[in-house]
Structure formats: C-alpha cells, structure tokens
Amino acid sequence: MFISSADWMARNFDGRVEALVPIENVTVHRQVLDEIMVANLRDTLQSWSLAPDGTYTRVATDEENFAAHTYFMTNPSLSGRGRALRRNQNSRVAAR
C-alpha cells in the first residue's frame with residue numbers, strides 16, 4: 001500500500017512534484033485499511049459517484065448520515081496522536 005497526495009490531477013503535475021511512498025509499518029498499514037478506508041467508504045455526506053460519462057451524482061443512502069471528516073476530527077487516530085492531544089489539553093488547563 002502507498003500514500004500520496006490526494007490531488008493527482010493533470011494540472012498538478014506541471015507545476016510541482018507529487019510524492020508517492022510505501023506504507024511499510026504493519027501497524028500503520030492495518031490502521032489505514034481498518035480505520036481510515038472503512039470510515040471513508042461509510043461516508044454518506046460527502047460521497048459522490050462518478051458515472052461513465054464523467055458526471056458526478058451525490059451518493060444517496062437510507063442509512064444514518066455519516067461524515068468521515070467529522071469522525072476523524074472527533075476521534076483521534078490510533079497512532080498515538082490522541083495521547084498528545086490529551087497531554088496538550090492538560091498542560092493548557094494546568095497553565096491557567
């Protein structure tokens with residue numbers, strides 16, 4: 001599995017360098033598949049479907065609305081960032 005810029009569009013290749021790198025860490029690889037990709041595939045609020053003619057239509061679903069962006073903003077990742085957020089909040093509270 002690789003990670004790269006989300007902007008792989010023709011216009012972006014002319015004026016800058018885009019990078020693509022492998023995810024070699026097993027824990028991060030698992031997190032991308034089990035957390036990040038699942039949340040993005042569940043998204044019902046920001047999902048669009050590309051038709052063969054090049055047009056997009058919003059994905060309609062009868063399921064409960066789910067926004068991947070909101071999920072990631074309110075659920076710190078399993079990579080340890082959540083611990084850093086708690087530490088930063090605690091130090092700000094202690095400084096007051």
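Just the heavy atoms: all of them, side chains too, but no hydrogens, waters or symmetry mates, feed the values below.
Proximity of Val21 to Ile3: side-chain heavy atoms (C-beta onward) are separated by under 4.5 Å at one or more points.
Heavy-atom contacts from other residues, nucleotides or ligands closer than 6.0 Å to CE of Met37 number 12 or fewer.
Contact record, Val59 with Ser49: CG2-N, 3.9 Å, taken as the closest heavy-atom pair. Minimum heavy-atom separation, Asp43 to His69: OD2-N, 4.3 Å. Of all the heavy atoms in Phe72 and Ala39, the pair that sits closest is CZ-CB, 3.5 Å.
Going from atom CG of Asn65 over to atom CZ of Arg42 covers 11.0 Å, rounded to the nearest 0.5 Å. Separation of atoms CG (Leu41) and CD1 (Ile36) is listed at 12.0 Å; rounding is to 0.5 Å. Note that the CD atom of Gln46 and the CG atom of Asn40 stand 11.0 Å from one another [nearest 0.5 Å].
Chaining together hydrophobic side chains whose heavy atoms lie under 4.5 Å apart leaves Val38 on its own.
Looking only at distances, a side-chain donor or acceptor of Arg58 sits under 3.5 Å from a matching main-chain atom of Leu45.
Here ring pair (Phe, Tyr, Trp, His ring centres under 6.0 Å) pairs that include residues 36-66, with residues two or more places apart or in two chains, are Phe66-Tyr71.
Residues satisfying the side chain to side chain donor-acceptor pair (under 3.5 Å) criterion with Thr55, sequence neighbours excluded, are Asp53.
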